[in-house]
Amino acid sequence: MRYIVVATAFILLAGCDGPNEKAGVAQDQAAANAAGVKYQGNGPAERIGEAQDHANRAARKDLDAQRNKINTEADAQADRLEQQAKEIRRSAKERAEALISPATGR
């Protein structure tokens, strides 16, 4: 289920113009208007902006992967520590019961 949500989000993002691409379109349109020609789309500033948006998305994806790795490692370490704590408590209970048994004759 999680992969379906991620895939859907990726498809939606891939089809959207990012902020840098939108700024590039505006820049290309202004340059075309200043030159007295009709803007046909896909100008140089738009392509540069699209590349920047793509790089930003890739960087965010990498940071998300790093964050997930850190969280997974922390969860695994916490699980190990919880198991150690259970063992320490079990051992302490056995030692305490061993002290009580001879004294009370149980």
Side-chain angles (χ1 to χ4, degrees):
M1 178 68 177
R2 175 198 220 165
Y3 295 109
I4 294 171
V5 172
V6 171
T8 303
F10 179 73
I11 290 169
L12 291 174
L13 285 175
C16 298
D17 294 344
N20 293 316
E21 185 177 358
K22 289 178 183 176
V25 168
Q27 199 174 16
D28 288 339
Q29 285 176 333
N33 289 341
V37 295
K38 183 179 178 190
Y39 177 65
Q40 299 296 321
N42 202 22
E46 179 180 359
R47 288 190 303 273
I48 291 170
E50 183 178 12
Q52 289 171 335
D53 290 336
H54 179 73
N56 290 342
R57 280 191 297 271
R60 277 193 307 273
K61 185 177 177 182
D62 183 55
L63 287 174
D64 287 343
Q66 289 178 29
R67 190 172 23 256
N68 288 340
K69 181 181 177 199
I70 290 169
N71 287 334
T72 299
E73 290 171 353
D75 288 343
Q77 184 178 8
D79 290 343
R80 286 190 302 272
L81 291 172
E82 287 172 4
Q83 190 59 39
Q84 286 177 341
K86 286 179 184 178
E87 181 58 30
I88 290 169
R89 287 185 194 102
R90 186 195 59 75
S91 177
K93 182 178 179 180
E94 286 177 1
R95 288 194 326 258
E97 287 175 357
L99 291 174
I100 293 172
S101 294
T104 60
R106 292 190 226 173

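Only heavy atoms go into these numbers, but all of them, side chains included; no hydrogens, no water, no symmetry mates.
- The side chain to side chain donor-acceptor pair (under 3.5 Å) analysis of residues 18-28, with sequence neighbours excluded, yields the pairs Asn20-Asp53.
- Other members of the hydrophobic cluster containing Val25, listed by chain and number, are Tyr39; membership follows side-chain contacts under 4.5 Å among ILVMFWY residues, whether direct or relayed.
- With sequence neighbours excluded, the residues forming a side chain to side chain donor-acceptor pair (under 3.5 Å) with Glu94 are Arg90, listed by chain and number.
- By the side chain to side chain donor-acceptor pair (under 3.5 Å) test, Asn42 pairs with no residue at all, sequence neighbours left out.
- Pairs passing the salt bridge (charged side-chain N to carboxylate O under 4.0 Å, His left out) check and including a residue from residues 70-80, sequence neighbours excluded, read Lys69-Glu73.
- With sequence neighbours excluded, the residues that form a side chain to side chain contact (heavy atoms under 4.5 Å, CB included) with Arg95 are Ser91, Ala92.
- Evaluation of the side chain to side chain donor-acceptor pair (under 3.5 Å) rule for Gln66 yields Asp62 as partners, not counting sequence neighbours.
- The CZ atom of Arg89 sits 9.0 Å away from the NZ atom of Lys86 when rounded to the nearest 0.5 Å.
- Remark: Arg67 engages Asp64 in a side chain to side chain donor-acceptor pair (under 3.5 Å) (not counting sequence neighbours).
- The distance from atom CG of Asp17 to atom CD of Glu50, rounded to the nearest 0.5 Å, is 7.5 Å.
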